[in-house]
A.B. asks: 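Before I ask anything, here is the structure I am working with.
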Amino acid sequence: MKKIAIVYWSGTGNTEAMASAVQAGVTEARGAAELFTADAFTADQVSAFDAVAFGCPAMGAETLEEDVFEPMFTACETELAGKKVFLFGSYGWGDGQWMRDWEDRCRADGAELVAESVICSEAPQEDTLASLRSTGALLAE
Ligand SMILES: Cc1cc2nc3c(=O)[nH]c(=O)nc-3n(C[C@H](O)[C@H](O)[C@H](O)COP(=O)(O)O)c2cc1C
């Protein structure tokens, strides 16, 4: 059984709803999903999982959330070489630049981005939730 960590930060619940959909997809595919808020996950946990799904909305000016998620993710980066990683998050008025930058970072770290990242404007609609569930299932395969 594949073990998948889903690690997210969410200020107003949109990325949290996305994380729950990833978790549902992993579980439907009989994987073991563990959901962590960003403050509850540390770099030394990365190696215990077959894949890590990271979720963070666009914050600041097209950045990751700076106080909790960014330091946690920075610490994890040294553990991401060869790791299966999936990124997701919600945004507001931008065009997704934060996610393109984040993907570039992961590639530079040597992570294996296993599926196309999923982003959505504000609250996720049913099509987004369906994409997240199917990616969760893919992670569990
Ligand atoms: C302080 C702050 C900064 C934000 N910066 C951006 C931004 O740079 N680009 C963008 O597209 N949306 C930005 N947003 C909008 C959020 O990404 C959007 O509301 C998102 O749905 C929040 O997700 P959450 O409910 O998981 O916190 C910002 C929101 C806040 C509160």
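All ligand and atom numbering here is 1-based and tracks the order in the structure.
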A.B. asks: What atoms of ligand 1 come closer than 4.0 angstrom to any heavy atom of A61?
C.D. replies: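 Those atoms are 8 (O).
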A.B. asks: Would you mind running through ligand 1 and noting each atom that sits below 4.0 Å from a heavy atom of S10?
C.D. replies: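 Counting from 1, the qualifying ligand atoms are 24 (P), 25 (O), 26 (O), 27 (O).
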A.B. asks: Going by distance alone, is a donor N or O of one side chain under 3.5 Å from an acceptor N or O of the other, for T42 and Q45?
C.D. replies: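 On atom types as modelled, these side chains qualify, holding a pair under 3.5 Å.
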A.B. asks: With atom 17 (O) of ligand 1 as the reference point, say which of C56, P57, A58 has the nearest heavy atom.
C.D. replies: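 Looking at heavy atoms only, A58 sits closest to atom 17 (O) of ligand 1.
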A.B. asks: According to side chain to side chain contact (heavy atoms under 4.5 Å, CB included), who are the partners of L87, at least two apart in sequence or on a separate chain?
C.D. replies: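 By the side chain to side chain contact (heavy atoms under 4.5 Å, CB included) rule, L87 matches F54, V85, M99, W102, E103, C106, L113, S117.
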A.B. asks: Do F36 and V52 make a side-chain contact, defined as non-hydrogen atoms from C-beta onward lying under 4.5 Å apart?
C.D. replies: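 Result no, sub-4.5 Å side-chain heavy-atom pair not found.
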A.B. asks: Out of W93, W9, Y8, indicate the one that has the non-hydrogen atom closest to atom 28 (C) of ligand 1.
C.D. replies: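 Going through W93, W9, Y8 one by one, W93 has the nearest heavy atom to atom 28 (C) of ligand 1.
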A.B. asks: Atom 12 (N) of ligand 1: which protein heavy atom is closest, and how many Å away?
C.D. replies: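 For atom 12 (N) of ligand 1, the nearest protein heavy atom comes out as G92 N, 3.0 Å.
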A.B. asks: Determine, for K84 against E141, whether the closest basic-nitrogen to carboxylate-oxygen distance falls under 4.0 angstrom.
C.D. replies: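 Salt bridge: no.
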A.B. asks: Is any side-chain heavy atom of V118 closer than 4.5 Å to one of F86?
C.D. replies: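 The answer is yes; the side chains approach within 4.5 Å.
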A.B. asks: Identify the protein heavy atom lying closest to atom 11 (O) of ligand 1, giving its residue, its atom name and the separation to 0.1 Å.
C.D. replies: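 It is G94 N, 2.7 Å.
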A.B. asks: May I ask you to check if ligand 1 and T15 share an N or O to N or O distance below 3.5 Å?
C.D. replies: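 Yes.
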A.B. asks: At what distance is the nearest protein heavy atom to atom 21 (O) of ligand 1, and which residue and atom is it?
C.D. replies: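 Protein heavy atom at minimum distance: S90 OG, 2.6 Å.
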A.B. asks: Looking at atom 25 (O) of ligand 1, what's its closest protein heavy atom, distance included?
C.D. replies: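 Going by distance alone, atom 25 (O) of ligand 1 is nearest to T12 OG1, 2.4 Å.
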A.B. asks: Which residue supplies the protein heavy atom nearest to atom 27 (O) of ligand 1, what is that atom called, and how far is it?
C.D. replies: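 Of every protein heavy atom, G11 N, 2.7 Å lies nearest to atom 27 (O) of ligand 1.
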A.B. asks: Evaluating non-hydrogen atoms only, which member of E62, E122, E16 is closest to atom 8 (O) of ligand 1?
C.D. replies: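 Among E62, E122, E16, the closest heavy atom to atom 8 (O) of ligand 1 comes from E62.
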A.B. asks: Can you tell me which residue and heavy atom of the protein come closest to atom 3 (C) of ligand 1, and the distance to 0.1 Å?
C.D. replies: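 Protein heavy atom at minimum distance: G60 N, 3.5 Å.
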A.B. asks: Any idea which protein heavy atom is nearest atom 31 (C) of ligand 1, and the distance to it?
C.D. replies: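 Closest protein heavy atom to atom 31 (C) of ligand 1: M59 CE, 3.9 Å.
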A.B. asks: Using side chain to side chain contact (heavy atoms under 4.5 Å, CB included) as the criterion, list what pairs up with S10, not counting sequence neighbours.
C.D. replies: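 Y8, T15, E16.
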A.B. asks: For the backbone of C76 and the side chain of E79, can you confirm whether one donor and one acceptor N or O come within less than 3.5 Å of each other?
C.D. replies: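 Side chain of E79 to backbone of C76, a donor-acceptor pair under 3.5 Å: no, none is there.
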A.B. asks: Among C120, S20, P124, which residue meets the side chain to side chain contact (heavy atoms under 4.5 Å, CB included) test with L129?
C.D. replies: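 Of the listed options, the one satisfying the test is P124.
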A.B. asks: Are side-chain heavy atoms of T74 and R105 found at a separation under 4.5 Å?
C.D. replies: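 They are in contact (side-chain heavy atoms under 4.5 Å apart), so the answer is yes.
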